Student: 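This is the structure I have questions about; it appears just below.
All values derive from a computational prediction rather than experimental measurement.
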Amino acid sequence: MAWPLVSSPQGHRLIQSAWLTGAVPLHPEIPWREADPELVESLNCSTIMCLESIPARTAMDAPPLEWRRPHGHPWLLADGVIVPFFPSMPQVPLMIGSTEQAAANNLLSWQERLGTSHQQLVDAVVDGLRLNELNYGQPVWSGSPQYSGINWPSSLGNQDTWSKEPGHNKGRWPQPPRNNERGSELNSFVTGSSEAETALEWYSDLKDDSWLLLTTLVSDATVTCPTLSTATRLSRTLSRAHPTGTEDVPVYAYVSRHARVSRAGAVADGLSDIESILGVFQPRDEKDVQYARTIQDLFFFFVNYGSPDWHSATPAHLGVYTINGVTNVERSRLQCEHWANASQFFRRF
């Protein structure tokens, strides 16, 4: 919901800066001419004047219940005015990132089942990646010659990953297969597959904690690394457009690493950063208090100044802000380099 406003040519008139967390931003894939008429029909309107006169509460209560469930229905449409038809570059300073185990809550069914069995861990990795494939479709194709070199939105690695033949399916991505079709598609990714074994080797330093290994691996593959890759690509493009380094719309990246105790165990779950920022984080010890204070300070500094630092802020293509009890900058995330070279993974997940 935020990204199309951030990238809108009119975005700077509506917002000053943006902090996006927890997922790679996607652009609306449905233009207004292809919108589902059900919502407007339920409001008994046939003119724009009628729609504009409807109370906000009435409009918000109109969508059917199934539209409100996660992944139930696309809410935002491209209108060509506020939300452009094709993805653009950020128009305001942007901070984008995630927590280190952002996918933990989606993997809770495995938390008590992992035990010490390596085969169970392999099964869990496969299941975690399948979960993401079932939940998300392909990012929309930009189709814009102006940004054809950016391949935006993008996942990792190979620049042809999300390429699409112009004119196919009326300029929209082909629909992902229905659930009953996905079963046969995924048969090649079976329990004990060499791909899953390879991925586990990348995280061998976490082998003594199966739950931490699983949540970190799946989070990197499906959230953290695609998010950092996106931030890096946007930042590098902007830096090339402004070789003196004086760009007005810098892009920064972060990873929140603080592990808190919750139903997902002692991990940096997907809500710890935003709960801290909004002041609803429930600290259990002094480390929790210090973490919440650190990320809040970073957030409010960014809100005030459009930058995470007073001096020499590090754009995403040069480093990643890591947040725990203190804030540091790292050159890159090593595990993401592995995923960037694993085409058999990122093309599907």
Student: Thinking salt bridges, do Arg333 and Glu100 make one under a 4.0 Å N-O criterion?
Tutor: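 Here Arg333 pairs with Glu100 in a salt bridge, since their nearest N and O are under 4.0 Å apart.
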
Student: Any heavy-atom pair between the side chains of Leu77 and Val83 that's under 4.5 Å?
Tutor: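 No - every pair of side-chain heavy atoms lies 4.5 Å or more apart.
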
Student: Atom CD1 of residue position Ile48 - does it have more than 12 heavy atoms of other residues, nucleotides or ligands inside 6.0 Å?
Tutor: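 Counting neighbours around CD1 of Ile48, 12 or fewer heavy atoms of other residues, nucleotides or ligands fall under 6.0 Å, so no.
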
Student: Taking side chain to side chain donor-acceptor pair (under 3.5 Å) as the definition, give me every residue that meets it alongside Ser332, ordered by chain and number, with sequence neighbours left out.
Tutor: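 For Ser332, the residues satisfying side chain to side chain donor-acceptor pair (under 3.5 Å) (neighbours in sequence not counted) are Glu337.
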
Student: Quick check: Trp211 with Trp110 (ring centres under 6.0 Å apart)?
Tutor: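 No.
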
Student: Tracing side-chain links under 4.5 Å among I, L, V, M, F, W and Y, which residues wind up in one group with Val289?
Tutor: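 Direct or chained contacts put Val289 with none.
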
Student: Against Tyr254, only a single residue in Thr99, Thr327, Thr21 fulfils side chain to side chain donor-acceptor pair (under 3.5 Å); can you say which?
Tutor: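 With Tyr254 as partner, Thr99, Thr327, Thr21 yield a single side chain to side chain donor-acceptor pair (under 3.5 Å), made by Thr21.
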
Student: May I ask you to check whether over 12 heavy atoms, not counting those of Glu286, lie within 6.0 Å of atom CD?
Tutor: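 Buried by this count: over 12 neighbours within 6.0 Å.
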
Student: Listing request: all salt bridge (Lys or Arg N to Asp or Glu O under 4.0 Å) pairs with a residue in residues 270-279, at least two apart in sequence or in separate chains.
Tutor: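 For residues 270-279: Arg260-Glu275.
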
Student: Please report the closest heavy-atom contact between Ala62 and Leu43, naming both atoms and the distance.
Tutor: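 That would be CB-CD2, 3.6 Å.
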
Student: Do any pairs count as a disulfide (SG to SG under 2.5 Å) and have a residue in residues 16-61, sequence neighbours left out, and if so which ones?
Tutor: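 As it turns out, the disulfide (SG to SG under 2.5 Å) pairs with a partner in residues 16-61, which skip direct neighbours, are Cys45-Cys50.
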
Student: Using the rule given for side chain to side chain donor-acceptor pair (under 3.5 Å), can you reason through Arg293 versus Gln296, listing the C-alpha separation, both sets of side-chain angles and the distance that settles it, and then say yes or no?
Tutor: CA-CA 5 Å; Arg293 185 183 299 121; Gln296 269 199 343; over 6 Å; no

Student: For Glu41, what residues pass the salt bridge (charged side-chain N to carboxylate O under 4.0 Å, His left out) criterion, not counting sequence neighbours?
Tutor: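 Result, salt bridge (charged side-chain N to carboxylate O under 4.0 Å, His left out) vs Glu41: none returned.
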
Student: Could you list the donor-acceptor pairs under 3.5 angstrom formed between side-chain atoms of residues 300-308 and any protein atom two or more places apart in sequence or on another chain?
Tutor:
| from | atom 1 | to | atom 2 | distance (Å) |
| --- | --- | --- | --- | --- |
| Asn304 | ND2 | Phe300 | O | 3.2 |
| Ser307 | OG | Asp309 | N | 3.3 |
| Ser307 | OG | Asp309 | O | 2.9 |

Student: Would you call Arg113 and Asp123 a salt bridge, using N to O less than 4.0 angstrom?
Tutor: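 A salt bridge is absent here (no side-chain N lies under 4.0 Å from a carboxylate O).
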
Student: Return the minimal non-hydrogen interatomic distance between Thr294 and Asn324, and the atom names on each side.
Tutor: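 Looks like CB-O, 3.8 Å.
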
